[in-house]
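All values derive from a computational prediction rather than experimental measurement. Note that ligands are numbered from 1 as they come in the structure, with each ligand's atoms numbered from 1 the same way.
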Amino acid sequence: MKYIPVIGLEIHAELLTKSKVFCGCQNEFGGGANERVCPRCSGMPGTLPILNQSVVAQAVRAGFALNCDINEYSAFDRKNYFYPDLPKAYQITQFFHPICTNGYIELKDTKIRINRIHIEEDAGKLVHDEYEGISMADYNRCGVPLIEIVTEPDFRTIEEVQSFVSDIALRLKYAGVCDAKLEQGSLRVDVNISLMPYGSDVFGTRAEIKNLNSIKAIGRAIAYEIERQSEILDQGGKVVQETRRFNDNHGDTKALRSKEEAHDYRYFPEPDIPPVFLSRETISEIQKTMPKMPGERMQEYTEKFGLPQEDAELIIADRAFSDFYNAAAASCPEYREIANLMLGALNRCLNESGKTVEQLQFTPAELAELAQLSADGIISKNTARDILVILFTEGGKPRQIAEKNNWIMQNDTDWIEKIVDEVLAQNAGCVSDYKNGNQKVFGFLMGQVIRAVGKSGNPKLCKDLMMKKLEE
Ligand code: ADP
Ligand code: MG
Ligand code: ZN
């Protein structure tokens, strides 16, 4: 390829506040059309917006999650345009003085700069009924609080864009400000892309692609756009600055509106909302409540806890799961054992029941106790898994469960030796097979012994003793 792609992102994230940004309507998904609207968010003349403080706090949290400077002064502006989903005919946003600026995210080989994060309100939705030939307006989404994250045009590859979006999504979830579901539209990514010839450092004209609702769609849309723009440039043509829509069924992009017909938004300061002043103290109070971000946890998990990269990733992919792991690891140094129990038996229980980590009826300390019993050889690994299932379904104390069921492993050599002798005597044929070089019968004999000793027989001891007897 003769061209280098230059890509910048604009990402909208819906904030997880209880109410909307400028009124008391509930901020929720679903429900009947226009059930969550009031005079304020439906843009009735004469109503006044009142800024929701938790929107500001969440925007600050997002700023910390993305390594931004948090501005003590920020303010709102009007972006004027007419569209039926925007009954006021202007959107309240932050244009001149955004709340956060100058962030960055480090990817594997490169650093992506974040120009700004600003607060704005969402617009409503139009529902097109092709059968009836009409369009209807649903204003439930009007006034849903958003942050918009704008990056510098620092991406050069599809992979960089994809890993950035996954990373941002996880960080916003950790910060507790957005559930970051691309498929459901709570995180919406617009990709700006242009091409420049190799060796050049002058950016080309960009197209903006909207309607990308999965990581995969982002990759396909960029690949298509690189092809399309390359062809235009190869033929000596010019890329038009325009907004394009990605069609997931066709895998292509189509022009939506071009910059020539673009509106002048005539931004001006919003006169109805006072500027936001945040004291240094308020900002640092918020900072104190930030959890460790996924990248930091990754380092801790692999370096301090000695977990394999893949295990660490699986745990970190869910904040509550990772918090539970951390709490267990804080009370027991058997880090691998805890991870194995959580990624194995616990995950299976969660998947089968559809429950979440928040609904568990045992504590991290109890899981830690279980891991310790297993690591110390007091119960076998299989027993540990069985006890975890009991903790999951009924709760209880690991040691008590083990004792009550007679699952504490016995290191009583005489007892096990007697059972081994019995098994060998009952299977004389197998024993002579083994002595004649058929190693395979060992597994069968072991199985017989394990069945006879039950969960309280230490499998390692059984194996050692049987080996000894067979070699005699
Ligand atoms: P505008 O105000 O016209 O929308 P911005 O400067 O805000 O322009 O940029 C919007 C987005 O486009 C940002 O994510 C930015 O990184 C990206 N961008 C800007 N110039 C280019 C370019 N030449 N090629 C690709 N992306 C670009
Ligand atoms: Mg812009
Ligand atoms: Zn309202």
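Residue E152 touches ligand 1 through its backbone alone, judged by heavy-atom distances below 4.0 Å. At a heavy-atom distance under 4.0 Å, no atom of D154 approaches ligand 1.
F29 CZ to E14 CD: the interatomic distance, rounded to the nearest 0.5 Å, is 7.5 Å. From K288, atom NZ reaches atom CZ of F64 across 11.0 Å, with rounding to the nearest 0.5 Å.
Within a 6.0 Å sphere centred on NZ of K79, heavy atoms belonging to other residues, nucleotides or ligands number more than 12.
Formation of a donor-acceptor pair under 3.5 Å by the E152 side chain with backbone atoms of G8 is not found in this model. Remark: side-chain polar atoms of R297 are not paired, donor with acceptor, to backbone N or O of E313 under 3.5 angstrom.
Atoms of ligand 1 lying under 4.0 Å from at least one heavy atom of S194, given by number and element, are 22 (C), 23 (N), 24 (N), 25 (C).
When the heavy-atom distances from atom 14 (O) of ligand 1 to I112, T151, V6, I114 are ranked, the shortest goes to T151. If you check each of R206, R116, R113 against atom 1 (P) of ligand 1, the one with the closest non-hydrogen atom is R206. For atom 23 (N) of ligand 1, the nearest non-hydrogen atom from the set A207, P153, G204 comes from G204.
Remark: ligand 1 and Q241 share no N or O pair separated by less than 3.5 Å (distance only, no angle test). Remark: ligand 1 and L9 share an N or O pair separated by less than 3.5 Å (distance only, no angle test).
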| query | After noting the C-alpha distance and the side-chain angles of E337 and K381, does the key distance pass the salt bridge (Lys or Arg N to Asp or Glu O under 4.0 Å) rule? | reply | CA-CA 9 Å; E337 193 68 35; K381 298 221 181 299; 3.2 Å; yes
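For the pair SG of C38 and SG of C25, the angle at the Zn ion (ligand 3) is about 100°; rounding is to 10 degrees. Rounding to 10°, one obtains 110° for the angle at the Zn ion (ligand 3) between SG (C41) and SG (C23).
Below 30°, between 30° and 60°, or above 60°: for Y265 and Y267 the angle between ring planes is above 60°, a perpendicular geometry.
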